[in-house]
*Asks:* 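Dumping the structure here so I can ask a few things about it.
We count residues from 1, following the sequence as given.
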Amino acid sequence: LDQFMRVASARNFFRRDKTVAVSDSTIARSLSTYFIPPLRKYLKSIYIRAKQAGKCKINVCGRKLLAACVDGSQFGVFYGCVLQSLGEANLLLDIEPTTGKGKELPATRTMLERVFREYGDGFVELFLLDALYKDKNNINLILSHGSHVLMKTEETRLNIIQDADGLFSYWRDYPDVEY
């Protein structure tokens, strides 16, 4: 951010005529005062341009996919759930403030509902989620909007993990399971 704030277009955007950049620590401290709706519009315009330029796909086993990840993030005194598009350009698409760590599930649901309204069903094919988001409501919300879910977890006791392990162990017995 510090380097970005040194370029003329960034200084113009933030109406900053000084050649000295805002330090990254100032940005982190001030994030809690940002008005988020205009930021979301700006992030969307960046994403649309990058997507049109083909910068928003990742290569998964020879297939180019539109993918995004959801996670909690700390920005100085500001904590929130973020949605990031993955690809040649990893772009922040949306953010939803939370009241603190451990409060991400309702904030994530709110953010996901908003991004599907804003970007449309299936705007990404694959959502990558940390195990923290293993809430059935979030998973079902994503699936109901035409996207798939890939979840990272080390929890082998979960029923869903045991079921998946069973499918992958005996994939030859199930013609619809890709291995």
*Asks:* In Å, rounded to the nearest 0.5 Å, how long is the span from CD of Glu118 to CG of Leu83?
*Replies:* 12.0 Å

*Asks:* Checking side-chain contact (heavy atoms from CB on, under 4.5 Å) for the pair Phe123/Val115: CA distance, chi angles, key distance, verdict?
*Replies:* CA-CA 9 Å; Phe123 77 97; Val115 296; 4.1 Å; yes

*Asks:* Quick one, Asp94 and Leu43 - any side-chain contact, counting heavy atoms below 4.5 Å?
*Replies:* no

*Asks:* Would you say Glu125 and Arg63 make side-chain contact, with heavy atoms under 4.5 Å?
*Replies:* yes

*Asks:* Under a 4.5 Å side-chain heavy-atom rule over Ile, Leu, Val, Met, Phe, Trp and Tyr, are Ile46 and Ile58 clustered together?
*Replies:* no

*Asks:* Mind checking whether Leu143 and Val124 sit in one hydrophobic cluster, side chains of I, L, V, M, F, W, Y counted as touching below 4.5 Å?
*Replies:* yes

*Asks:* Any side-chain heavy atom of Pro97 within less than 4.5 Å of one from Ile36?
*Replies:* yes

*Asks:* Distance from Cys56 atom SG to Leu93 atom CG, nearest 0.5 Å?
*Replies:* 7.5 Å

*Asks:* Is it possible for you to say whether Leu150 and Ile139 belong to one hydrophobic cluster, with membership spreading through side-chain heavy-atom contacts below 4.5 Å?
*Replies:* no

*Asks:* How close do Ala50 and Leu91 get, counting heavy atoms only, and between which atoms?
*Replies:* CB-CD1, 3.4 Å

*Asks:* Can you tell me how far CZ of Arg109 sits from CZ of Arg114, rounded to the nearest 0.5 angstrom?
*Replies:* 13.5 Å

*Asks:* Are any of the side-chain nitrogens in Arg40 or Glu96 under 4.0 Å away from the carboxylate oxygens of its partner?
*Replies:* yes

*Asks:* According to the ring pair (Phe, Tyr, Trp, His ring centres under 6.0 Å) rule, which pairs have a member within residues 46-67, sequence neighbours left out?
*Replies:* Tyr47-Tyr119

*Asks:* Quick check for you: to the nearest 0.5 Å, what is the distance between Leu167 atom CG and Gln162 atom CD?
*Replies:* 12.5 Å

*Asks:* If two hydrophobic side chains count as joined below 4.5 Å and joins carry through other members, does Met151 share a cluster with Leu126?
*Replies:* no

*Asks:* What do the steps show when you test Leu86 against Leu128 for side-chain contact (heavy atoms from CB on, under 4.5 Å), and what is the final call?
*Replies:* CA-CA 10 Å; Leu86 304 173; Leu128 308 172; 3.2 Å; yes

*Asks:* In Å, rounded to the nearest 0.5 Å, how long is the span from CG of Leu65 to OG of Ser147?
*Replies:* 11.0 Å

*Asks:* For a side-chain contact (heavy atoms from CB on, under 4.5 Å) check, start with the C-alpha distance between Leu66 and Lys51, then their side-chain angles and the critical distance, and finish with the verdict.
*Replies:* CA-CA 9 Å; Leu66 290 167; Lys51 187 176 173 186; 3.9 Å; yes

*Asks:* Among Thr98, Leu129, Val70, exactly one meets side-chain contact (heavy atoms from CB on, under 4.5 Å) together with Thr108. Which residue is that?
*Replies:* Val70

*Asks:* Would you compute the distance between atom CD1 of Ile142 and atom CG of Asn137 and round it to the nearest 0.5 angstrom?
*Replies:* 11.5 Å

